[in-house]
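Only a predicted model underlies this, so the values are computations on that prediction, with no experimental measurement involved. In what follows, every chain begins at residue 1, and chains take the letters A, B, ... in the order their sequences are listed.
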Amino acid sequence: MPVSQVNAATTGLALEMQGVTKRFPGVLANDQVDFQLRKGEIHALLGENGAGKSTLMNILYGLYTPDEGKTYLDGKDVTIHSPSDAIANGIGMVHQHFMLIPVMTVAENITLGQEVTKAGAFLDPKRARRRINELSAQYGFEVDPDALVADLPVGLQQRVEIIKALYRHADILILDEPTAVLTPQEIEELFRAMRSLVAEGKSIIFITHKLKEVFAVADHITVLRNGRVVGTTTPAEATEASLAAMMVGREVILRVSKDEAEPGKPVLEVRNLQALDEREQIVLRGVNFAVQEGEVLGIAGVQGNGQTELVEVLTGLRPSLSGQVIIGGQDVTNTTPRTVTEQGVAHIPEDRHEFGMVTSYSVAQNLALVTYYQPPFARGVVMQDKAIDDNATTLVEEFDIRTPSIHTSGGSLSGGNQQKLVVARELSRPIKLLIASQPTRGVDVGSIEFIHQRIIEQRDQGVAVLLVSAELDEIMSLSDRIAVMYHGEIMATLDAETAERATLGLLMAGVHPNQ
Amino acid sequence: MTSATTTASTAIPSKFMTRSRWFGVVYLIFGVLLVYLAMTALDPEAVSKFRFGQIEASIMDRLPEAVQTGLKQGVPIPSRNSMLLVGILLLITGVVPFLLPPQVAKRYENLVLMLVFGLLLAAVLIYAATGKRTDVVSMLADGIRLATPIALGALAGILCERAGVVNIGIEGMMLVGAGLGFTASLYLQNSTAGLVVAILAGMLMAALHAVLSISFKVDQIISGTVINILAVGITGFTRRSFLLDNPFGAPSVYSPIPIPVLSDIPVLGPVLFRHQPIVYTMLILVFVIQFYLFRTKWGLRHRAVGEHPRAADTLGINVIRARYLAVIAGGAIAGLAGAWFSLETVGSFDDLMTGGKGFIALAAMIFGNWNPIGAFFGALLFGFADALQIKLQILETGIPYQFIGMLPYVLTMIVLAGVIGKTTPPAADGVPYEKQ
Amino acid sequence: MPASQLILFLAGLILWAIWIAALGDLVSRDPGEIKRGSRGLWLVGFLALPVITGIIFMIPAAKQFAVWPPGDLIFSILWFFARFASWLGLPVFTGLDVAPIWIAVWAVSALVGVAYFLLVSRSRPTIVGSVGDIITILLAVNTALIIGYFLILVTGSDPIAAYQGLYEGMIGDKARFAETLVAMTPFVLMGLAVAVGFMTGLFNIGAEGQFYVGAMAAAVVGSSFEGLPLLIHLPLTVGAAMLGGGIWGAIPGFLKARFGAHEVINTIMMNYIAVKTVDYLVKNVFRDPTASLDRTPYVLESATLPIWVSNSRLHFGFWIAIAAVAVIWWLMYKTTWGFQMRTVGASHGASRYAGMKVGRNIVLAMAIGGVLSGLAGGGEVIGLNGYLPAAFTSGSGFDSIAVALLAKSNPIAILPAAFLWGGLRNGAGLMQVRAGISRDLIDIVQAFVILFVAAPQIVRFIYRLRVVGVKQVVVSRGWGS
């Protein structure tokens with residue numbers, strides 16, 4: 001594909017990166033990447049997880065040093081060694097994981113590093129507040145400078161991040177996956193804000209892996225795959241299918257093929273469940289639902305609406321305040337994770353590094369992690385190494401876990417293989433209920449398909465599946481019924497066949513569409 | 001992480017037995033014990049006499065005759081009734097949490113805790129001084145004096161940990177400060193030079209901790225332990241090589257410097273304003289560091305580095321440099337604390353003379369929730385416990401001195417077991433920063 | 001001292017480092033990667049010269065130990081083995097008395113290494129996993145000794161004489177070797193105590209206090225119950241020591257599990273409390289009224305650990321320690337209990353997810369640590385002293401941490417680590433006599449050993465090694481709570 005399908009009027013370029021190459025041990029993250037950003041445009045940088053988008057932008061922002069390549073700003077050759085250089089050159093970045101300090105105020109977060117001071121040393125909160133209010137007014141971003149960041153909703157935190165960049169007089173704004181944490185409505189609002197920033201003469205680089213968003217807001221699109229630029233195009237010239245093909249290098253199956261569900265009797269019943277989060281704030285406000293044999297219930301929702309805590313309560317990792325969890329007819333409310341497991345529950349946790357595996361353990365040990373104390377893995381208190389190894393050999397084969405040996409440490413596997421390891425362990429024992437939380441996060445396309453198939457297989461064998469995911473597409477393609485969670489409650493439960501994206505979006509934002 | 005969108009619109013169902021109320025129960029038990037003790041163990045006729053330090057003649061002359069004799073010979077306090085009073089006050093503090101709404105009780109929890117500690121202190125003193133005489137003012141002054149190394153150690157800890165480096169090696173830095181500072185003051189025959197060497201030695205040890213934990217990313221607790229072991233070796237070697245038979249006589253310790261005018265205030269003067277120089281330095285440093293951390297731009301950056309180093313890095317703050325500076329500055333303060341032992345207190349150096357004060361300092365730091373002023377109050381708690389222990393040994397109460405000597409250690413464990421409620425260390429405390 | 005000696009000393013060490021790095025590289029490689037010859041052939045080449053020379057040097061020394069009965073025979077074999085291991089692992093010591101020959105041996109060995117690098121591996125030496133650990137630690141110990149060498153030089157003493165004294169004091173003859181084993185015994189047990197903590201993600205600085213409590217319990221039980229047969233009294237006494245230490249260890253474990261109170265500070269506080277409590281008990285409660293100094297009564301014959309090597313103080317506590325190593329190794333690596341504790345140590349989240357009880361395992365690990373340290377304390381009383389004096393300071397709490405770090409928390413590796421530690425402590429006396437240098441120098445050398453072991457990056461940097469897949473101990477996860 002030609003490098004550029006667009007007339008490159010060199011005069012209008014805010015930024016040009018040429019031949020950028022960055023190697024990490026074992027990975028070529030960026031390979032001779034060329035990238036051009038025109039003044040006053042929104043330029044989408046599209047690609048799968050791990051395609052090298054964030055690496056490229058971290059290089060631009062001075063967080064990584066490239067092995068090769070040049071950067072030009074307004075036609076001038078610049079070298080950016082550190083974020084300070086980037087800031088001095090008018091580049092601002094809103095990171096995917098916000099770079100905000102929760103225990104400090106909005107004003108402190110915004111001014112940090114370029115504080116408003118008296119006599120060059122002492123903080124001057126009054127003048128800082130005034131400066132921020134001026135900026136807010138100028139761009140139409142309302143935010144209270146004295147609020148603690150920890151108390152702000154995610155959407156507002158993102159605004160603070162943007163103001164932080166504007167405070168430093170950024171002309172080029174990098175937004176790294178800014179929509180991941182927002183509701184569809186908040187996303188609309190963000191897009192409006194982006195357009196108004198562009199109208200003020202700023203240029204925006206918008207990193208995403210979601211095709212629809214690209215069409216909604218971008219002027220130009222650059223697609224990365226495996227660290228290389230696949231092509232640059234415009235929304236007018238491209239279609240969703242053509243972009244998808246550019247992203248993954250082949251046609252993508254957007255829907256998982258599956259038969260009609262044959263739901264049986266309920267396996268998991270949740271009644272009026274309430275629970276607190278780490279900060280002792282109420283986070284589940286009376287959740288009710290049931291999952292039946294042979295069906296997939298998908299829980300949709302923007303991250304942070306209580307899904308994490310819900311799964312933790314169901315699996316015994318977090319105490320509930322009130323309410324009931326009934327699995328297979330037995331009340332397991334506030335029992336231990338072990339009791340829940342022994343009820344025939346498999347749990348694919350959201351964070352495989354924190355919960356799902358021990359990175360320093362071998363693949364074999366990780367595959368025995370949950371039932372290590374039962375035969376054949378243990379007789380009495382004595383562990384049976386042979387049985388553990390045999391089990392691992394079988395599962396590695398069956399679940400196609402790519403590992404040099406079963407004695408390699410789990411942490412040295414790739415993300416997709418680590419996830420397959422967790423899935424293999426959980427699905428290898430007889431189960432009644434599968435709780436899968438973000439089962440494909442940070443996983444390559446091949447493994448995603450594999451994991452999806454396995455989940456559907458379980459459903460077809462009569463297992464009840466509770467799927468929690470922030471990816472609406474995943475929910476829509478796997479689920480038989482979809483429950484939307486907002487603010488610690490189930491807003492509604494819809495039939496997956498008839499559920500529409502727009503309806504789900506409204507529910508995710510806490511709005512009942514028919515009200 | 002959970003989102004912050006949740007608001008407290010739904011009320012959390014509250015338990016009846018809140019923390020404050022559990023504490024109340026403990027206070028009630030103490031109160032009952034004291035009342036029982038007063039009624040049974042104490043002679044109704046017995047008095048405990050308390051003196052209040054030396055009072056300036058000019059002031060004394062203006063006081064009524066009776067007060068004058070009282071102050072000279074010690075104010076007689078009926079042991080039994082005053083013990084009863086303390087017991088009843090404790091009973092009241094125990095009941096109050098059950099009468100107040102939980103949120104209000106919670107807000108004053110730590111204040112009440114300090115009050116109860118004071119009451120218990122008074123009870124112990126009344127009991128110990130039954131039929132005897134003791135000087136309250138000298139005990140309070142001693143408390144502040146003995147709180148000095150703990151407060152300084154806690155300040156050192158705060159500087160390090162607010163920048164995200166756990167420093168368990170404060171004990172070692174103190175020890176090296178004490179040992180090398182003393183050796184230098186002896187051989188140079190100059191106590192100021194000794195002080196400078198003590199501070200430099202602390203900084204050097206801290207620099208080693210910084211290299212290990214920041215650059216080499218060694219586990220910070222292990223690195224701190226290495227510092228502690230190295231300190232024992234260095235000071236032991238120094239003592240046996242240079243101090244055991246040295247050609248110099250025993251040096252004098254720093255003499256107290258009474259602050260003009262202020263030191264003449266009755267009671268308050270001797271408690272606060274007749275101290276040796278390192279004590280004053282500690283008092284000043286508490287406020288300076290509090291101001292630095294929360295009112296200056298460097299302090300803001302310092303805290304940012306300990307809370308979210310990557311965020312600080314993306315704003316162009318040099319995380320590694322900030323951490324190095326913080327740890328080394330902490331080392332300087334720990335070195336100063338070391339000088340307190342050898343140069344200001346005894347005028348000699350013994351193996352292991354810091355006696356765990358560096359670890360107690362960390363407890364004070366946690367007590368103060370990583371705030372200098374809070375940590376100062378924590379240090380005072382330990383200082384007063386220490387002073388009380390000395391007082392009790394003098395008063396010969398019959399309690400074995402070994403058990404009295406355990407008081408600060410037991411107190412530390414109680415503090416760490418969360419008596420002061422939930423504390424929050426800096427978010428990145430103990431996590432090495434990996435530049436990408 | 002002459003400069004030529006210094007040059008020989010350093011040259012020998014560099015040659016040794018080349019040899020051991022090449023050996024490590026060879027062992028770490030897949031057989032397929034070795035282009036010329038086979039791994040076995042190269043191994044023979046690497047080991048031939050030092051082994052032959054070592055044996056030749058050992059034979060005359062070994063002759064003086066051809067003794068019977070069985071205890072002495074086993075002891076002689078141990079001694080031979082220890083000397084030989086020190087020849088291979090600690091060239092700083094072994095070469096001192098025979099410098100030129102030693103240099104020649106290492107020069108030829110190093111030539112094999114250079115040949116290996118030229119013919120087989122042209123990259124920087126890569127060493128993997130446990131091989132990497134062993135080599136890094138050997139280099140760390142030798143580097144610390146070199147620093148000590150210069151420290152001695154700076155203070156104006158003769159480092160060669162000092163190190164000869166140190167080495168002979170460690171291992172030079174039967175009596176000193178027996179004393180080294182005596183000194184190593186508590187280090188083995190307390191090192192295990194700390195290692196079990198490390199494996200469970202805990203930092204047990206309280207071995208010292210647990211040691212005192214165990215010693216106290218053994219002293220009391222061992223001196224009471226006159227008339228009990230040995231078969232009952234001795235186990236009872238040992239059991240009391242284990243129980244006392246175990247309880248002392250479990251308390252900070254409980255505080256950690258229940259309140260999240262950090263075990264580092266709590267164990268240190270428990271140490272001070274133990275010292276004061278024991279001091280009180282010895283002086284006021286269990287004092288032997290007939291003794292002139294403050295101490296407990298003598299332990300009865302029926303509660304005393306027998307000596308197993310003639311004309312020495314080497315008691316059966318040594319074998320208890322060896323047995324403890326085996327038991328702990330089995331417990332930690334072969335049982336579900338150990339699996340649980342190690343999982344808790346690796347990740348609280350994953351262990352909860354796998355249905356393990358984090359708190360219970362923390363208390364268990366601390367209690368096991370206490371039991372081992374208590375055993376060490378008890379062993380010192382009933383095997384060595386026969387009583388517990390009031391001013392009984394061992395200072396071995398920090399040493400046990402060092403031993404555990406040196407062994408990378410591996411129960412088997414605790415043995416050589418404790419041997420080195422006990423040996424350095426024991427040899428320091430002769431070093432002081434020979435070179436007139438304070439024995440505290442050994443403390444500094446030991447601190448450097450730990451420093452280099454804790455920060456292997458420094459050693460790798462100095463010797464240009466590339467190590468893959470080595471795990472580091474992680475214990476600081478903030479302050480808990």
Separation of [Y] [atom2] from [X] [atom1] (nearest 0.5 Å):
X      : Y      : atom1 : atom2 : answer
B:L208 : C:L451 : CG    : CG    : 5.5 Å
B:N228 : C:I205 : CG    : CD1   : 7.5 Å
B:L407 : C:I273 : CG    : CD1   : 10.0 Å
B:F242 : C:T155 : CZ    : OG1   : 8.0 Å
C:L151 : B:I234 : CG    : CD1   : 9.0 Å
B:F359 : C:N266 : CZ    : CG    : 12.5 Å

C:Y272 (side chain) donor-acceptor with B:G356 (main chain) under 3.5 angstrom | yes
Is C:Q457 reaching over with its side chain to a backbone N or O of B:F216, donor-acceptor style, under 3.5 angstrom?
-> yes
Looking only at C:D443, C:N284, C:D279, C:D440, most heavy-atom pairs under 4.5 Å shared with chain B are made by C:D440
So do [Y] and [X] actually touch side chain to side chain, heavy atoms under 4.5 Å?
X      : Y      : answer
B:D219 : C:F203 : no
C:L255 : B:M413 : yes
C:Q446 : B:L230 : no
B:I360 : C:M269 : yes

Evaluate side chain to side chain contact (heavy atoms under 4.5 Å, CB included) for C:I450 paired with B:I222, printing each intermediate quantity in order.
-> CA-CA 9 Å; C:I450 308 168; B:I222 289 181; 5.6 Å; no
Contacting moiety of C:I458, where chain B heavy atoms sit under 4.5 Å = both
Contact class of C:I444 relative to chain B, heavy atoms under 4.5 angstrom | both
Worked check of side chain to side chain contact (heavy atoms under 4.5 Å, CB included) between C:R439 and B:F237 | CA-CA 8 Å; C:R439 55 182 304 149; B:F237 185 69; over 6 Å; no
Note: C:A455 and B:L212 closest approach over all heavy atoms is CB-CD2, 3.6 Å
For C:S438 and B:S241, work out which heavy atoms get closest and say how close.
-> CB-OG, 4.0 Å
Turns out that what part of B:V410 lies under 4.5 Å from chain C's heavy atoms comes down to both
Under the side chain to side chain contact (heavy atoms under 4.5 Å, CB included) criterion, do C:T277 and B:M406 qualify, and how do the steps go?
-> CA-CA 9 Å; C:T277 312; B:M406 275 177 212; 3.0 Å; yes
